[in-house]
Colleague: 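This is the structure I want to talk about, given as structure tokens.
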Protein chains: 2
Amino acid sequence: MIQLRKDTDLAFFLLRHFLKQPKGFQTSAKSLSESLNLPYPTVSKILKVLNKNSVLESVQGSKGGYGLGAVYEEFSVGQLIEMIEGPIALTACTSSTEQNCVSQAFCGVHPHMELMNRVIRDALMALPLSYLVNKPQRYPKKQEVTAFWKQYFDEGNRV
Amino acid sequence: MIQLRKDTDLAFFLLRHFLKQPKGFQTSAKSLSESLNLPYPTVSKILKVLNKNSVLESVQGSKGGYGLGAVYEEFSVGQLIEMIEGPIALTACTSSTEQNCVSQAFCGVHPHMELMNRVIRDALMALPLSYLVNKPQRYPKKQEVTAFWKQYFDEGNRV
DNA sequence: TCATATAGTACCGTTTTAGTACTATATATT
DNA sequence: AATATATAGTACTAAAACGGTACTATATGA
């Protein structure tokens, strides 16, 4: 089903809470987990990863907590996914980190798999994190999606 | 890693062998598994699914086997993926078959997840199976990929 | 009638994922 | 300086999904 992992899904959910808050907002993993009725260890684990990748920033100690990182706007949906679950790769042989397919030389599918993967990866990398709050909450209309991609190409970007 | 299942990957590999053969070519699962040095049950299982979905056609009994279906050209890469591993859905809530997310009403991420998912799904649905053999075997250049999508939009298609 | 092929179902070991627990470190407050 | 409370990091365990196999039924040419 080409599915995101549950913790990646949750990462989007959590991040959106920070994005919706006023600038400078800070909260602890504990209070966040309580207000959202989610298990603390799970929430904590994800926030740690986001902090390590500078999407969030943290303050340790008493009165500490997490807030949006100064450069969070630089990141994309695709980057967030890769922070949590590693390279976006349809198959192991499309991942740049592990390429141990012995039949790659004669497999023939590889270049096509590369294309499929690049299409998916670039699409996700083109979506900025801010999109999570800046766009309307309703289901996007087909025209809007088309317009997004039209603009993407018109701006000189390439798949 | 948003990964295809191994059997889906293998399905592409197997299908490509049929696509490369002259029209009317027919082979048994057993001989195919032997020539490719793959376990017979695994090969057999996948060919059965492809036959059930009319990508392949089968003849039972002695001298039987599998060959390309009469309408195989109608199918896309995305459809093949869904035949093997079900709906292309980044999360359970983006699948049309199972939508049991209790917090969907207030989650807020949902419409954005829908967009991400549609981008991916439509991209894969736009790639015809014939692409697996019709395009050159080398790694596609960035310009070629761009051209593919340019044409896709120019033809009036929408994401 | 037999040999050989596909069709369908059910099972089990392995791997991955999801969730938890524990220890170390940092800092505001007293 | 001691304490309470937060993050940082690591390691572990239970549950679910996946990969692979085995078995039975059915179809067909020789």
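Every heavy atom of this structure was used, including side-chain atoms; hydrogens, water molecules and symmetry mates were not. A, B, ... follow the sequence lines: proteins, then strands. Residue 1 opens every chain.
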Colleague: Please check: side-chain N/O of Asp7(B) versus main-chain N/O of Ile46(B), any donor-acceptor pairing under 3.5 Å?
Modeller: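 Pair absent, no side-chain N/O of Asp7(B) close to backbone of Ile46(B).
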Colleague: Quick one: does Gln79(A)'s side chain have a donor or acceptor within less than 3.5 Å of a partner on Met125(A)'s backbone?
Modeller: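 It does not hold such a pair.
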Colleague: Whole-Å distance between dT21(D) P and Lys48(B) NZ?
Modeller: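 After rounding, the reported distance stands at 14 Å.
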Colleague: Whether the side chain of Asn53(B) engages the backbone of Val49(B) through a donor-acceptor N/O pair (distance < 3.5 Å, no angle test) should be reported.
Modeller: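 Pair found, side chain donor or acceptor close to backbone of Val49(B).
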Colleague: Would you confirm whether Ser44(B), through its side chain, and Tyr40(B), through its main-chain N or O, come within 3.5 Å as a donor-acceptor pair?
Modeller: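 Checking the backbone N and O of Tyr40(B) against the side chain of Ser44(B), no donor-acceptor pair under 3.5 Å is found.
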Colleague: Taking for each residue the nucleotide of DNA chain C bearing the nearest heavy atom, is the 5' side occupied by Tyr40(B) or by Lys45(B)?
Modeller: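 Counting from the 5' end, the first nearest nucleotide belongs to Tyr40(B).
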Colleague: Is Leu80(B) close to Phe12(B) at the side-chain level, that is, under 4.5 Å between some pair of heavy atoms?
Modeller: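 They are in side-chain contact.
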Colleague: Hydrogens and angles aside, do Ser130(A) and Glu73(A) bring a side-chain donor and acceptor to less than 3.5 Å of each other?
Modeller: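 Glu73(A) and Ser130(A) do not have a side-chain donor-acceptor pair below 3.5 Å.
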Colleague: Can you work out whether Lys6(A) or Gln60(A) has the more 5'-proximal nearest nucleotide on DNA chain C?
Modeller: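 In this pair, the answer is Lys6(A).
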Colleague: Identify whether any heavy atom of Pro39(A) sits under 4.0 Å from a base atom; if not, whether one sits that close to sugar-phosphate; answer base, sugar-phosphate or nothing.
Modeller: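 Since only primed, P, OP1 and OP2 atoms lie under 4.0 Å of Pro39(A), the category is sugar-phosphate.
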Colleague: I'd like to know if Glu114(A) pairs up with Arg118(A) as an ion pair, taking the criterion as any Lys NZ or Arg NE/NH1/NH2 lying under 4.0 Å from an Asp or Glu carboxylate oxygen.
Modeller: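 Answer for the salt bridge query: no.
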Colleague: Which whole-number value in Å describes the distance from Lys30(A) NZ to dT5(D) C1'?
Modeller: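 Going from Lys30(A) (NZ) to dT5(D) (C1'), I get 10 Å.
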Colleague: Using five pairs at either end of the helix from dT1(C)-dA30(D) to dT30(C)-dA1(D), determine the angle between the two local helix axes and round it to 10 degrees.
Modeller: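 Nearest ten degrees gives 10° for this helix.
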Colleague: What range of DNA chain C does chain B touch, first nucleotide to last, counting atoms under 4.0 Å from its heavy atoms?
Modeller: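 So the outermost contacting nucleotides come out as dT4(C) to dG8(C).
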Colleague: Is there a side-chain contact between Asn51(A) and Ser58(A) (heavy atoms, below 4.5 Å)?
Modeller: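 Side chain of Asn51(A) against side chain of Ser58(A), heavy atoms only: contact under 4.5 Å found.
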Colleague: Between atom CG in Asp7(A) and atom C1' in dA16(D), what is the gap in whole Å?
Modeller: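 Atom-to-atom, Asp7(A) to dA16(D), this comes out as 15 Å.
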Colleague: For Lys52(A) and Gly61(A), find the nucleotide of DNA chain D closest to each by heavy atoms; which residue's nucleotide sits nearer the 5' end?
Modeller: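 It is Gly61(A) whose nearest nucleotide is closer to the 5' end.
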Colleague: Check whether any side-chain heavy atom of Ile2(B) lies under 4.5 Å from a side-chain heavy atom of Leu90(B), and answer yes or no.
Modeller: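 When only atoms from C-beta onward are counted, Leu90(B) and Ile2(B) do touch, with a gap below 4.5 Å.
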Colleague: Specify the separation, in whole Å, of atom CG of Asn51(B) and atom C1' of dT26(D).
Modeller: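 Spelled out: CG on Asn51(B) to C1' on dT26(D) is 14 Å.
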